[in-house]
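Predicted model, so just to flag it, every value in this text is computed and none were measured.
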Amino acid sequence: MPYTISDTPTGRVRLHWEERGSGEPVVLVMGHLFSSDMWYPVLPALAEHYRVIYFDNRGTGSSGATSTATVADLAADVRAVMDAAGVGSAHLYGVSMGGGVVLQLAHDSPERVRSMVLGCTAMRSPEHPLPRPPGFLARQLKYRVPVRLLKPLLRKRFYGPLATPEAIERDLAVLSRMRFSARGVYAQDLAIAGYDLTPDKVAGLAAPALVLHGTADEAVPYAAAVRLTETLPEARLITYEGAGHNYPVDVGARANADVLAFLADRTQEMHDRT
């Protein structure tokens, strides 16, 4: 069932969220530009075992947009969704920018984060500088040209050689139907450019973490995942050889199985402590 939040801690921003399944809560945080529609390879498998809460980031899907934003604002949006769902703490699964938002939430509100799954995610570090916001002409190309005209670029940017043509076409079909606001996703660009979760901050995050990354990722280098795993106090890296940035499409059920195994271990650890 879909729900809407009208007010968030950072002002009047409409947030659209939904839930599926039952059990311990798992909150999904999508990356830059994409709406929650893009969780389609993940959602059914997780919802068989958990109460999965997912939402459209501001600027995408049925959520509202703002002209500016910070990663801390996006983390506050996650807290607002959790509050609306009556969830004090949850397992958080974020991909790309969404992984950065999860790290920010673990920094700002560690009591809300039971564990973290961080897909194709990077810290801010000198070795892996973050992109600057695109200029006006680049924004027109990036956000206003129909997806069907960008397919050659998207195939190279999002997918690795492991992905099958059928899986890529299915994903691009979902992407082509997805809604977003050019103004809102540019605000996400601004948030990414100002992202300041550096190694010294990440080293203080105590929540157990699973880091997932493909070796053929053209958007976030695989080396960034290695560095992130080495910096987090309690983290394990799973590598997908030949997978690109959109690894859930490239490796399919394998990534879901890895996430479910991690969550099952965390759940067992929590039960053992109580």
Taking atom types as modelled, find out whether T60 and N57 have a side-chain donor-acceptor pair closer than 3.5 angstrom. no
Are S109 and R79 linked by a side-chain donor-acceptor pair shorter than 3.5 Å? yes
Heavy atoms, side chains only, cut-off 4.5 Å: are L46 and Y54 in contact? no
Thinking salt bridges, do D37 and R177 make one under a 4.0 Å N-O criterion? no
Short side-chain donor-acceptor distance under 3.5 Å, S89 and R112: no
Just grab all the salt bridge (Lys or Arg N to Asp or Glu O under 4.0 Å) pairs involving residues 39-55, residues at least two apart or on different chains. E19-R51
Side-chain donor/acceptor of T231 to backbone N/O of A203, under 3.5 Å: no
Do the ring centers of F55 and W39 come within less than 6.0 Å of each other? no
Could you tell me whether the side chains of H245 and E218 share a donor-acceptor contact shorter than 3.5 Å? no
Any donor-acceptor pair under 3.5 Å linking the side chain of T215 with the backbone of G242? yes
Is it the case that the side chains of R179 and S62 hold a donor-acceptor pair, with the cut-off being a distance below 3.5 Å and no angle test? yes
Is there side-chain contact between H91 and V27, with at least one heavy-atom pair below 4.5 Å? no
Check V95, L92, V117 against V29 for a side chain to side chain contact (heavy atoms under 4.5 Å, CB included) and give me the one that passes. L92
Aromatic plane relationship, Y247 with Y240 - under 30° parallel, 30 to 60° tilted, over 60° perpendicular: parallel
Measure the shortest side-chain to side-chain distance between R266 and R114 over non-hydrogen atoms and say whether it is less than 4.5 angstrom. no
